[in-house]
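In this text, all values refer to a predicted model and were calculated from it rather than measured experimentally. Order of the sequence lines fixes the chain letters, A, B, ..., with proteins taken first and strands second; residue numbering starts at 1 for each chain. What you see below is based on every heavy atom in this structure, not just the backbone, and it leaves out hydrogens, waters and symmetry mates.
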Amino acid sequence: QSVLTQPPSLSAAPGQKVTISCSGSSSNIGNYYVSWYQHLPRTAPKLLIYENNKRPSGIPDRFSGSKSGTSATLGITGLQTGDEADYYCGTWDTSLTTWVFGGGTKLTVL
Amino acid sequence: QLQLQESGPGLVKPSETLSLTCTVSGGSISGTTYYWDWIRQPPGKGLEWIGSIYYSGSTYYNPSLKSRVTISVDTSKNQFSLKLSSVTATDTAVYYCARHGDPYGDFDYWGQGTLVTVSS
């Protein structure tokens with residue numbers, strides 16, 4: 001069982017908006033930056049959001065991140081079929097002294 | 001563009017040592033203030049951070065794996081390596097190498113991953 005909690009799966013239609021939640025505690029999300037990763041099958045995971053809400057160069061502004069207390073959210077607008085992937089949140093956990101990740105959310109665009 | 005590529009045996013016998021190498025291209029491991037990481041994902045499960053090595057050679061390990069893990073770096077080959085001893089079936093996973101900058105920051109580059117199966 002993962003330290004950070006994400007919904008296992010979500011689905012939405014092309015063009016719609018979806019939000020993926022990531023719930024943690026004061027030992028992780030509550031006191032550290034959250035990052036989000038997109039993982040398509042047989043490819044390297046890709047950093048989508050860092051420091052809660054910043055996008056690396058090349059990541060479209062359809063992707064956004066936010067954090068409040070011990071939870072974080074990834075938002076994706078204007079869904080495209082190419083957004084079908086697994087999405088993971090991650091952060092440092094000061095109690096466990098390790099990085100922790102969510103279990104992943106499988107996004108289906110149908 | 002920085003690229004990371006894992007290599008190593010895809011099958012390891014129980015009780016033996018798993019050894020993987022990550023080759024970095026498009027940038028240098030040495031002299032840059034980055035941490036180089038190993039992360040794994042067992043089938044059907046989430047991601048688990050294994051450990052990091054700083055460019056200076058300092059290492060940091062997941063406490064749950066610390067007794068079995070060794071991460072080293074070979075700057076002459078622009079590679080870093082993972083050794084995990086006394087493996088069992090629970091060590092079967094896709095192993096990724098990655099990089100992060102800030103001590104508690106994000107992983108900005110990842111390899112594609114390599115599946116390692118522990119089985120006799």
Side-chain angles (χ1 to χ4, degrees), chain A residues 1-9 22 24 27-59 65 67 72 74 85-106, chain B residues 1-7 10 22-26 34-53 58-69 71 90 93-115:
Chain A
Q1 187 163 341
S2 301
V3 173
L4 305 180
T5 301
Q6 296 180 234
S9 63
C22 176
S27 66
N28 43 66
I29 292 178
N31 283 284
Y32 293 91
Y33 287 129
V34 176
S35 50
W36 289 90
Y37 305 89
Q38 178 191 60
H39 191 201
L40 286 82
R42 294 174 295 283
T43 68
K46 178 193 294 186
L47 176 66
L48 281 182
I49 297 290
Y50 68 100
E51 294 183 1
N52 302 333
N53 55 18
K54 297 178 181 177
R55 284 178 286 104
S57 174
I59 300 300
K67 188 183 98 168
L74 172 70
D86 294 326
Y87 292 85
Y88 296 89
C89 57
T91 188
W92 176 259
D93 189 296
T94 193
S95 295
L96 299 173
T97 61
T98 182
W99 269 269
V100 292
F101 297 91
T105 298
K106 183 176 184 61
Chain B
Q1 176 81 346
L2 193 75
Q3 291 188 318
L4 289 74
Q5 179 67 58
E6 306 87 352
S7 60
C22 182
T23 300
V24 179
S25 58
Y34 287 104
Y35 299 77
W36 303 92
D37 300 84
W38 288 98
I39 297 166
R40 69 180 182 179
Q41 183 173 30
K45 296 188 177 181
L47 297 165
E48 180 181 34
W49 176 73
I50 300 170
S52 302
I53 188 164
S58 299
T59 52
Y60 309 86
Y61 299 134
N62 186 323
S64 69
L65 297 169
K66 185 174 184 177
S67 65
R68 299 194 291 130
V69 174
I71 297 177
T90 59
V94 175
Y95 285 77
Y96 298 96
C97 56
R99 182 188 87 165
H100 77 272
D102 288 336
Y104 305 116
D106 50 272
F107 301 96
D108 59 352
Y109 286 96
W110 298 63
Q112 287 191 295
T114 186
L115 174 63

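For chain A, the nearby parts of B:F107 are the backbone and the side chain; heavy atoms of each come within less than 4.5 Å. Using a 4.5 Å cut-off between heavy atoms, A:L96 contacts chain B through its backbone alone, with no side-chain atom that close. Looking at A:P45, the atoms closer than 4.5 Å to chain B (heavy atoms on both sides) sit in the backbone and in the side chain alike. Proximity to chain A is limited to the side chain of B:I39, based on heavy atoms less than 4.5 angstrom apart. Proximity to chain B (any heavy atom under 4.5 Å) is restricted, for A:S35, to the side chain, taken from C-beta onward.
Heavy-atom minimum distance, B:D102 versus A:E51: OD2-OE2, 3.8 Å. In this structure, B:G46 and A:S2 approach most closely via the heavy-atom pair CA-OG, 4.3 Å.
Environment of OH in A:Y33: sparse, with no more than 12 heavy atoms of neighbouring residues, nucleotides or ligands closer than 6.0 Å.
Between B:W110 and A:Y37, the ring planes are perpendicular. Angles over 60° get that label, and only those under 30° would be called parallel. In this pair, B:W49 and A:W92 present their aromatic rings perpendicular. The plane angle is above 60°, beyond the 30 to 60° band.
Atom CG of A:L47 is separated from atom OH of B:Y109 by 9.5 Å, given to the nearest 0.5 angstrom.
Side-chain atoms of A:W99 never come within 3.5 Å of backbone atoms of B:N62 as a donor-acceptor pair (strictly under, hydrogens ignored).
At a threshold of 4.5 Å between non-hydrogen side-chain atoms, the residues A:F101 and B:Q41 do not count as touching. For the pair A:T97/B:Y60, no side-chain contact is recorded, criterion being any heavy-atom separation below 4.5 Å from C-beta on.
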